[in-house]
Amino acid sequence: MLTENAENFIKSKLLEYRSELENIINGGDISQYNYCERTHDDIDDEVYDKNYENRLRIAHALWYMSDGLDVEFITITLMNEEIKYLEKSVYGGTSRTAYLLLMKLSEYGKYSYKRLLKRVRNANMDCFCEFDANTLKKFSNFGKDWRKDDWDYIFELLNDERSLEKFKNLENSEE
């Protein structure tokens, strides 16, 4: 169980992400969330996305902290960028970002978003096996409350060493 201080720290991180989301919605620069292919210097064939963590932060904000905001367009935009990343991934795989964005899109219940689901499923073999409507429904019930989420995902919220260290100290401290 989380200490109150640790829970408040996670809430503060989510509020930072919401602030970042509000900035984008209000005309901020979105280029830092677009797919940006880079190769590792030491491995010729390994491709990664320089902006993956930026999209992941915003996906967390969209899923956990977007109440009262009109986020449909930004969700679609980020989903298209995430699909580019999944399509280009040399080793396949899925992403937490794709799950969060697809679940957010499913809340709108628009038939036209089924094309995005199809594009995600066709991005690579892992995506084809993972992203179906039943899996997303099951995952959406699991992922609504960050307090009950898998701890791996909580640590994704705290994606820098300073935050992880502070959280660890708060979690181990007495109330």
Side-chain angles (χ1 to χ4, degrees), residues 1-36 38 48-83 85-86 93-109 113 116 120 127 130-131 134-175:
M1 183 147 161
L2 285 177
T3 66
E4 185 176 336
N5 289 336
E7 187 171 319
N8 287 337
F9 182 64
I10 292 171
K11 286 180 191 174
S12 74
K13 292 301 280 188
L14 287 169
L15 287 171
E16 283 178 31
Y17 299 166
R18 180 183 168 107
S19 177
E20 190 176 348
L21 173 62
E22 288 173 342
N23 182 46
I24 297 167
I25 291 170
N26 292 323
D29 181 17
I30 195 167
S31 65
Q32 65 184 336
Y33 307 96
N34 293 339
Y35 173 73
C36 184
R38 294 280 191 250
Y48 71 100
D49 180 3
K50 179 180 130 183
N51 292 329
Y52 174 78
E53 286 187 7
N54 296 341
R55 274 194 313 282
L56 178 61
R57 275 194 319 274
I58 296 303
H60 277 107
L62 286 165
W63 186 244
Y64 294 112
M65 298 297 284
S66 65
D67 292 343
L69 299 175
D70 182 8
V71 295
E72 189 171 359
F73 180 76
I74 191 68
T75 305
I76 295 165
T77 302
L78 293 174
M79 187 74 253
N80 281 303
E81 295 303 313
E82 190 66 14
I83 290 169
Y85 162 68
L86 293 168
T94 62
S95 72
R96 170 73 169 171
T97 303
Y99 273 107
L100 292 168
L101 295 172
L102 283 170
M103 289 185 312
K104 190 67 180 172
L105 287 174
S106 72
E107 288 182 347
Y108 297 111
Y113 295 151
L116 276 176
V120 172
C127 289
E130 284 289 318
F131 293 125
N134 292 331
T135 302
L136 292 173
K137 282 180 189 175
K138 184 171 70 173
F139 191 77
S140 69
N141 292 332
F142 167 76
K144 269 298 188 192
D145 185 356
W146 60 265
R147 291 170 193 88
K148 296 178 184 172
D149 256 352
D150 186 311
W151 281 107
D152 290 340
Y153 300 139
I154 295 298
F155 288 116
E156 282 184 7
L157 293 171
L158 309 172
N159 63 353
D160 61 272
E161 291 216 15
R162 198 170 119 229
S163 293
L164 285 171
E165 185 64 31
K166 183 173 181 178
F167 178 75
K168 183 179 170 186
N169 291 338
L170 289 170
E171 187 180 29
N172 294 327
S173 69
E174 295 295 318
E175 289 292 335

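Hydrogens, waters and symmetry mates play no part in the numbers below; they use all other heavy atoms, side chains included.
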Glu130 and Tyr99: CA distance, side-chain angles, deciding distance, side chain to side chain donor-acceptor pair (under 3.5 Å) verdict: CA-CA 10 Å; Glu130 284 289 318; Tyr99 273 107; 2.5 Å; yes
Salt bridge check: are Arg55 and Glu81 linked by an N-O gap of less than 4.0 Å? no
Run Asn51 and Tyr33 through side-chain contact (heavy atoms from CB on, under 4.5 Å) and show every step you take. CA-CA 5 Å; Asn51 292 329; Tyr33 307 96; 5.7 Å; no
Once rounded to the nearest 0.5 Å, what's the spacing between atom CG of Leu15 and atom CD1 of Ile10? 12.0 Å
Checking Glu20 now: which residues fulfil salt bridge (charged side-chain N to carboxylate O under 4.0 Å, His left out) with it, not counting sequence neighbours? Arg57
Kindly compute the distance separating CE (Met65) from NZ (Lys11), expressed to the nearest 0.5 Å. 9.5 Å
Residue list, side-chain hydrogen bond (donor to acceptor under 3.5 Å, both in side chains) with Asn80, at least two apart or on another chain: Arg119
Just verifying a value: how many Å separate Glu82 CD and Cys127 SG, rounded to the nearest 0.5 Å? 8.5 Å
Separation between OG of Ser66 and CD1 of Ile58, rounded to the nearest 0.5 Å: 11.0 Å
The side-chain contact (heavy atoms from CB on, under 4.5 Å) partners of Ala59 (sequence neighbours excluded) come to Thr97, Leu100, Leu101
So do the side chains of Tyr52 and Ser95 get within less than 4.5 Å of each other, counting heavy atoms only? yes
Are Leu62 and Leu78 close enough that some pair of their side-chain heavy atoms sits under 4.5 Å apart? yes
Enter the distance from Asn54:CG to Ile30:CD1 here, rounded to the nearest 0.5 Å. 11.0 Å
Kindly state whether the ring of Tyr17 and the ring of Tyr64 have centres lying under 6.0 angstrom apart. no
For Ser12, enumerate each residue passing the side-chain hydrogen bond (donor to acceptor under 3.5 Å, both in side chains) test, keeping only those at least two apart in sequence or located in another chain. none
Non-neighbouring partners of Asn34 that pass side-chain hydrogen bond (donor to acceptor under 3.5 Å, both in side chains), sequence neighbours left out: none
In the structure I gave you, are the side-chain heavy atoms of Met79 and Lys104 within less than 4.5 Å of one another anywhere? no
Verify, without hydrogens or angle tests, whether Asn26 (side chain) and Glu22 (backbone) share a donor-acceptor contact under 3.5 angstrom. yes
With a cut-off of 3.5 Å and sequence neighbours excluded, list every side-chain donor-acceptor pair involving residues 67-74.
from: Glu72; atom 1: OE2; to: Lys110; atom 2: NZ; distance (Å): 2.7
from: Glu72; atom 1: OE2; to: Tyr113; atom 2: OH; distance (Å): 2.4

Quick check for you: to the nearest 0.5 Å, what is the distance between Phe131 atom CZ and Leu102 atom CG? 6.0 Å
For Gly93 and Leu86, work out which heavy atoms get closest and say how close. O-CD2, 3.7 Å
Is the backbone of Gly28 close enough, under 3.5 Å, to the side chain of Asn23 for a donor and an acceptor to pair up by distance? no
